[in-house]
Amino acid sequence: MNAPDAPAPASASAPAPFLAAGRRPSSVERHDVVVVGSGIAGVYTVLNAPEALDVALVTKETLDISNSSLAQGGIAVSLGRDDSPELHLQDTLYAGAGLCDEDVVRVLVNEARPVIQDICTLGVDFDRKERPAAGPAPEGVAQLALNREAAHSQNRIIHAGDTTGKEVCDKLTAVLLRRPRVHVRERTIVLDLLVRDGACCGVSVFDESTGEVRLLLADVVVCATGGYGQMYANTTNPAVATGDGACFAYRAGVPLMDLEFVQFHPTVLHHPQNTTFLISEAVRGEGALLRNLRGERFMPDYHEMAELAPRDVVSRSIFAEMNRHGDDHAWLDITARSREDLQARFPNIYRTCLGYGIDMAKDFVPIAPAEHYCMGGIRTDVFGRTGIAGFYACGEAACNGIHGANRLASNSLLEGLVFGRRIGQEITEVLARRDRRRHAHDERHFTRLLDVPDPRPTLSPWEEEGLRAQLRRTMTDKVGIVRTRAGMEEARAWLDALSARLDAHRPVGVHGYELRNLVLLARLTVGCALAREESRGAHFRADFPKTDDARWVMHQTRRLGDPL
Ligand code: SIN
């Protein structure tokens, strides 16, 4: 992929560039680096930056809440005797449905082993083929247990039980907290990226605990805020996944890419009390079958790889099977495995299901597809650069072309590690070139820009909550697993009206900012999905069911000033 373009100038038709406008900053902090997001990508970026740097790690909730920490399945890395980075590359390209950038995927698969080696050294404890009675694993990555997940031709998923993300995040965060110059800012949402003369100067933030807007000035900002799964009614993502990073990047002129590709995980618990809990793909990797409510296995009718077909195929097949019979869920059947096996391999999933009265060893598990991962995001190059000097993005917030139209299972934590490390290592160089005198000018400049009266009235919190719920329903019904022009046009008209209404009102508090971000991203997503008149990977158009390689082997980007 080429280096990202220079940022676009703001246009008259574009949304207001500053979300914080109308709020005089109440204080200013100065740091070398601001990292936004406390998932694996953000934390590992900090760990790879020089320890002497002063870093602010900003997170919208508490440090332990992120999409990464919910990841169950594992991390893909070619360690097996018959495996190789080349095979991992081939599987990633196949799942990506012709839209992966091969050079970037090559970086991902080649750098997988060293990053895994490194995090093991930092204390991450993955399951091993044979676990010694006690003590550390001196034998290194060669001894890690390898499992299979959908669309992988080899066993290459390393895991820590069925709570891999939590193990990795907990261990890396513990290391991070031992760094004396890392300042954690919890319950803080970033509103705007501050940019002057094409260079990043920091961010404006809203501190939920004090209700204040503050400026965090820094020469480097790394966006690792995750995706925008909260745009959909059912999602495995935590409540914080509202695409704030993509939106502050977009408002600063950075292009967003591949927004139409939203991945739905095939097997999410469908229970009256819980429709967000993931039943890991690893369960199908261990032999689970999918059945319709008549008890019939159906995946072999849809794809030769049956339950282990690429994720987009499995989700769509379940959706089709549910619609064929008018059902609202299907079954996942792992009853062929013993209770002891299931408790040992999937302790968290087994326990959670049992909490809802489902004993996986003898009961089928009710499941339905739900939003899980956004392939699209802030366009970056292979070093996480965005086109604005000093502004980087990595993890789910970024889009560097590795996932194409459909992410291969267990490539996402890996992406956060590989590109977080690359950014962390590059930061030193950027800071060597900085001009520290700039900060005082930046403070005056941005304080003046933000400190303008905002006479707009506000909407009540419950009105905004209602609008958010409607937005999530609209996106699920009209821009979800199966899309049509008519449905998306309807969604677009509704979103345009909602956007105009919100523009006439001043945002209040975190939820107000989030709602505006979700609406902006929803409008951009619909625009991209309408334009792509074909079906590819996670983007399926009932009115254009075929893949059109002659016209559509290309990424779509959207930048400030483009028509939505
Ligand atoms: C899962 O455990 O099924 C999720 C893995 C992933 O999203 O890559």
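Both ligands and their constituent atoms are indexed starting at 1 by order of listing. This structure is a prediction, so every number in the text was calculated from the model and none was measured. All heavy atoms count here, side chains included; hydrogens, waters and symmetry mates do not.
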Inset, instruction - Indicate, with yes or no, if the rings of His403 and Tyr373 have centres closer together than 6.0 Å. - result: yes

Legend entry - Min side-chain heavy-atom separation Leu408-His88 under 4.5 Å: yes

Legend entry - Sub-4.0 Å heavy-atom environment of ligand 1, residues by chain: Gln72, Gly73, His265, Leu278, Ser280, Glu281, Arg311, His372, Arg407, Ala409, Ser410

Legend entry - Arg345 side chain near Asn147 side chain, heavy-atom distance below 4.5 Å: yes

Legend entry - Test item: Glu321 and Asp301 side chains (from C-beta on) under 4.5 Å apart, heavy atoms: no

Just distance, no hydrogens or angles: give the donor-acceptor pairs under 3.5 Å from side chains in residues 75-82, sequence neighbours left out.
none

Legend entry - Side-chain donor/acceptor of Asp127 to backbone N/O of Gly161, under 3.5 Å: yes

